[in-house]
**Student:** 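Following this message is one structure expressed as structure tokens.
Atoms within a ligand are numbered from 1 in the order they appear, just like the ligands themselves. Heads up: numbering here begins at 1 and tracks the sequence. All values below were derived from every heavy atom in this structure, side-chain atoms included, with hydrogens, water molecules and symmetry-related copies excluded.
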Amino acid sequence: MKRQFIAGANCPECGQMDKIQRIIDGDRQWMECVACGAEKSLDEKPAEATDALAQPVTLQPGPKK
Ligand SMILES: [Zn+2]
């Protein structure tokens with residue numbers, strides 16, 4: 001089992017930066033936040049999936065009347 005921090009990645013749960021580890025165990029891999037314990041599977045996508053964490057969340061304002 002191999003763990004490595006993902007530099008610049010924000011946790012989608014607690015929002016802290018540089019707390020995300022990528023964990024590789026055999027042919028499975030997932031991300032885990034060491035601050036809050038949030039996990040996200042990476043099984044379906046290789047390395048690029050980690051980019052989703054680094055992107056800012058865009059909130060769309062609701063429709064105005
Ligand atoms: Zn977190």
Side-chain angles (χ1 to χ4, degrees):
M1 192 155 112
K2 181 178 174 184
R3 290 172 174 257
Q4 55 188 189
F5 277 97
I6 302 173
N10 287 84
C11 174
E13 296 295 327
C14 68
Q16 296 195 66
M17 187 178 278
D18 294 340
K19 299 292 183 185
I20 304 294
Q21 284 186 327
R22 180 163 60 192
I23 303 170
I24 302 170
D25 184 9
D27 55 2
R28 290 188 61 228
Q29 57 177 316
W30 65 96
M31 292 185 295
E32 186 176 310
C33 174
V34 298
C36 72
E39 294 183 11
K40 183 178 169 74
S41 175
L42 294 177
D43 281 342
E44 295 179 5
K45 292 182 182 178
E48 304 98 85
T50 61
D51 291 344
L53 275 182
Q55 292 174 358
V57 175
T58 303
L59 294 178
Q60 299 284 351
K64 292 178 181 178
K65 291 180 181 176

**Student:** Give me the atom names and distance for the closest heavy-atom approach of Ile20 to Cys33.
**Tutor:**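 Looking at all heavy atoms of both residues, the shortest contact is CD1-CB, 3.9 Å.
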**Student:** Quick one: CZ on Arg22 to CZ on Phe5, what's the gap to the nearest 0.5 Å?
**Tutor:**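 Answer rounded to 0.5 Å: 13.0 Å.
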**Student:** Atom CD of Glu32 and atom CG of Leu42: how far apart are they, to the nearest 0.5 Å?
**Tutor:**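 Answer for the CD-CG pair, Glu32 versus Leu42, is 11.5 Å.
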**Student:** Is the side chain of Asp18 donor-acceptor paired with the backbone N or O of Gly8 at a distance under 3.5 Å, no angle test?
**Tutor:**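 Yes; at least one donor-acceptor contact below 3.5 Å.
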**Student:** Strictly under 2.8 Å of the Zn ion (ligand 1): which protein N/O/S atoms qualify?
**Tutor:**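 Within the sphere that stays under 2.8 Å of the Zn ion (ligand 1), the protein atoms of type N, O or S are Cys11 SG, Cys14 SG, Cys33 SG, Cys36 SG.
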**Student:** In Å and rounded to the nearest 0.5 Å, what is the SG to NZ distance from Cys36 to Lys19?
**Tutor:**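 Reported to 0.5 Å precision, the distance equals 10.5 Å.
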**Student:** Distance check, rounded to the nearest 0.5 Å: Met31 atom CE versus Gln21 atom CD?
**Tutor:**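 Reported to 0.5 Å precision, the distance equals 12.0 Å.
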